[in-house]
Number of protein chains: 2
Amino acid sequence: MAKRRTQQEWIEAAIAAFSREGVGGVKVERLARGLGVTKGSFYWHFTDRRALLDAVLEAWAEQGTAAIIDAVEASPGDAGDKLRTLWGLANGAGEQAFEVALREWGRVDPEVRAAIRRVDQDRMAYLRKLMLEHGVAPDRVEAKCLLMYSLLIGDWFIDVKHGRKSRKRVLSDALDVLLDR
Amino acid sequence: MAKRRTQQEWIEAAIAAFSREGVGGVKVERLARGLGVTKGSFYWHFTDRRALLDAVLEAWAEQGTAAIIDAVEASPGDAGDKLRTLWGLANGAGEQAFEVALREWGRVDPEVRAAIRRVDQDRMAYLRKLMLEHGVAPDRVEAKCLLMYSLLIGDWFIDVKHGRKSRKRVLSDALDVLLDR
DNA sequence: ACCTGAACACCGTTCAAGT
DNA sequence: ACCTGAACACCGTTCAAGT
């Protein structure tokens, strides 16, 4: 019988369901059906549903931040160029759905909240560094970092029309505001 | 027996659960237990769980936006003062949890998404009006509105430390950046 | 007019039993 | 080492029966 599943396969299925429907969408029985096994078999790989969700969280915490920072650091140019690269990366990434679901989960779970706080801290530190390098006035750096990070995150939750201007154009204008262009 | 419940009581209980735990937290059986009746009685007041959630959404759509705009309009001062009032109101309101849960719900439900879009549209229109009145450069208005609205919304999802500066101070600085102080 | 109680399907969890 | 199947508790929904 070729119906054996690895822990990794369960985690991948969980991540897909999590991105699509949030924590509530991660159902042991449905995942089992999708993987072609009975739900009982789940409990050989994980102690319970929570352990599976923890594995999902851990996967994100370990490489979610580092991946983006590495990609930006590998790109050419000065701090200003890197800020624009970051802007493009973050707004185009397919992991938005995942992060949105994660932040919602964090509302009801202190452990998740702590993990998010750590990642936000790292990302903000990196933003601060780039902004300072780019020559943004030091007493404005903190406010501008927060504005930029808020737009990055808040953008996933906001869906408005901008009249004549395209959304892409408005986002580019926003960066100009922050970088004193 | 004094165990009769009104539709309104079910809705209020649902709003409380929704704010605390999101859509997934709105459980007919648990609400019934809290209201001191059996879950069966729920189906006399509503056709199903979805109808209860729709009532929650409608309550928000009807007065969520208008309430804030009215409060700001009633406050004294020019456009700049009103923007600062809005800033304070939005960042202090106790309805943040509700809105966060709503936006998460919107991710998996088109009807909810449409309602949110309408409200965002109204709020942004009001922001644009205040910004223009305040004398912000017209070609920057759209970007600055989006930045401000994103900070308003994104702030609920972001939890970072700012070093020496207090969060309140950083938020105030951010507004200065947007209003060209 | 509003509620109870029993019924059934769906899901989380356990566990003895299978291969 | 990994899976099945039956069992039980929890929740959404229906509905006949109660007051």
Would you check if there is a donor-acceptor pair between the side chains of [Y] and [X] at a distance under 3.5 Å?
X	Y	result
B:Gln7	B:His45	no
B:Tyr149	B:Asp120	yes
B:Tyr126	B:Glu73	yes

Open item on the list: Salt bridge or not between B:Arg140 and B:Asp180? Use side-chain N to carboxylate O under 4.0 Å.
Closed with: no
Open item on the list: I'd like to know if A:Asp78 pairs up with A:Arg84 as an ion pair, taking the criterion as any Lys NZ or Arg NE/NH1/NH2 lying under 4.0 Å from an Asp or Glu carboxylate oxygen.
Closed with: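 Looking at A:Arg84 together with A:Asp78, the answer is no, because their closest N to O distance does not fall below 4.0 Å.
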Open item on the list: For A:Val112 versus A:Leu102, what's the shortest heavy-atom pair and its separation?
Closed with: CG1-O, 3.8 Å
Task: Options D:dC3, D:dT19, C:dG5, nucleotide nearest the side-chain atoms of B:Thr38 - done: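 Minimum distance to the B:Thr38 side chain belongs to C:dG5.
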- [ ] Extract the stems that DNA chain C is part of, considering only consecutive pairing runs of at least three Watson-Crick or G-U wobble pairs, both distances under 3.5 Å.
- [x] C:4-8 with D:12-16, C:12-16 with D:4-8
Task: Atom-to-atom span, CD of A:Glu9 to C1' of D:dC3 - whole angstrom - done: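 Taking atom C1' of D:dC3 as the reference, CD of A:Glu9 is at 14 Å.
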Task: Result of checking A:Asp48, A:Thr47, A:Asp54 against A:Arg50 for side-chain hydrogen bond (donor to acceptor under 3.5 Å, both in side chains) - done: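 Of A:Asp48, A:Thr47, A:Asp54, side-chain hydrogen bond (donor to acceptor under 3.5 Å, both in side chains) with A:Arg50 is met by A:Asp54 alone.
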TODO: Give a yes/no on whether any side-chain N or O of A:His45 is located under 4.0 angstrom from OP1 or OP2 of D:dA1.
DONE: no
Open item on the list: For the CG atom of B:Asp155 and the OG atom of A:Ser150, what is their distance to the nearest 0.5 Å?
Closed with: 6.0 Å
TODO: Sugar-phosphate means primed atoms, P, OP1 and OP2; the rest is base. With that split, encode nucleotides 10-17 of chain D 5' to 3' as B, S or - using protein heavy atoms under 4.0 Å.
DONE: -BBBB---
